[in-house]
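Heads up: the structure comes next, in structure tokens.
The figures that follow rest on heavy atoms only: side chains count, while hydrogens, waters and symmetry mates do not.
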Amino acid sequence: MKSSFWTDFKNFAMRGNVIDLAVGVIIGGAFGKIVSSLVADIIMPILGVLVGGVNFSDLKWVLKAPREINGVEQAAVTLNYGNFLQMTFDFLIIAFSIFLFIKLITRLTAKRKAQAQAQAAATPPEPSAEVKLLTEIRDLLKAQEQSGSK
């Protein structure tokens, strides 16, 4: 039986892994926005106050001063190392935040697994239907053996 290209594509796109990946990317993007806001709106202002109000993005090294040529203003040539520092701090704070989040999730998952294992160990599993049937047969055979020996 031949399947069409669109059927194959639909089967591929509707696989659980692809859907899970799409959901993960969307949630990751939203989480990234939250962490970026945390860094830009909460942590960096506090860090700026601690280091004396320095705004890292404004730090630059002027390689060539601005000048005017034929009545046209030429912009200065600058090396914006402050922006690099800002992005580096953002990365480190975001990476640390994600590390803490993953560590928290791992700890919660480990506790839940440990609780589930403790519950499983505390309650013996229900015997299967075959085991129950064999137990009944054994008990009947023992009963017949005891009544036959009397």
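Following chains of ILVMFWY side-chain contacts shorter than 4.5 Å, one can reach Phe31 starting from Ile42, so the two form part of one hydrophobic cluster. No continuous path of ILVMFWY side-chain contacts below 4.5 Å connects Leu134 to Leu140, so the two sit in separate hydrophobic clusters. Linking Ile, Leu, Val, Met, Phe, Trp and Tyr whenever their side-chain heavy atoms come within less than 4.5 Å leaves Leu108 and Phe101 in two separate clusters.
Scanning both residues, Pro66 and Ala76, for their nearest heavy atoms gives CD-CB, 3.5 Å.
A 6.0 Å sphere centred on CZ of Phe91 holds no more than 12 heavy atoms belonging to other residues, nucleotides or ligands. Other residues, nucleotides and ligands contribute more than 12 heavy atoms inside 6.0 Å of the CZ atom of Arg138.
Counting only heavy atoms from C-beta outward, the side chains of Ile34 and Leu38 never approach each other to under 4.5 Å. Within the 4.5 Å cutoff, no side-chain heavy atoms of Gln115 are placed close to those of Gln119. Two residues are said to be in side-chain contact when any heavy atoms from C-beta on lie closer than 4.5 Å; Gln144 and Leu141 meet this criterion.
The backbone N or O of Val131 sits less than 3.5 Å from a side-chain atom of Thr135, completing a donor-acceptor pair.
Summarising the geometry, atom CE belonging to Met87 is positioned 10.5 Å from atom CG belonging to Leu85; distances are rounded to the nearest 0.5 Å. Here the OH atom belonging to Tyr81 is positioned 13.5 Å from the OG1 atom belonging to Thr88, to the nearest 0.5 angstrom. Rounding to the nearest 0.5 angstrom, the gap separating the CG atom in Leu59 from the CG atom in Leu79 is 11.5 Å.
Between Phe9 and Phe5, the ring-plane angle classifies as parallel under the 30° and 60° cut-offs.
Residues Glu126 and Lys132 are paired through a salt bridge, judged by an N-O separation under 4.0 Å between the basic side chain and the carboxylate.
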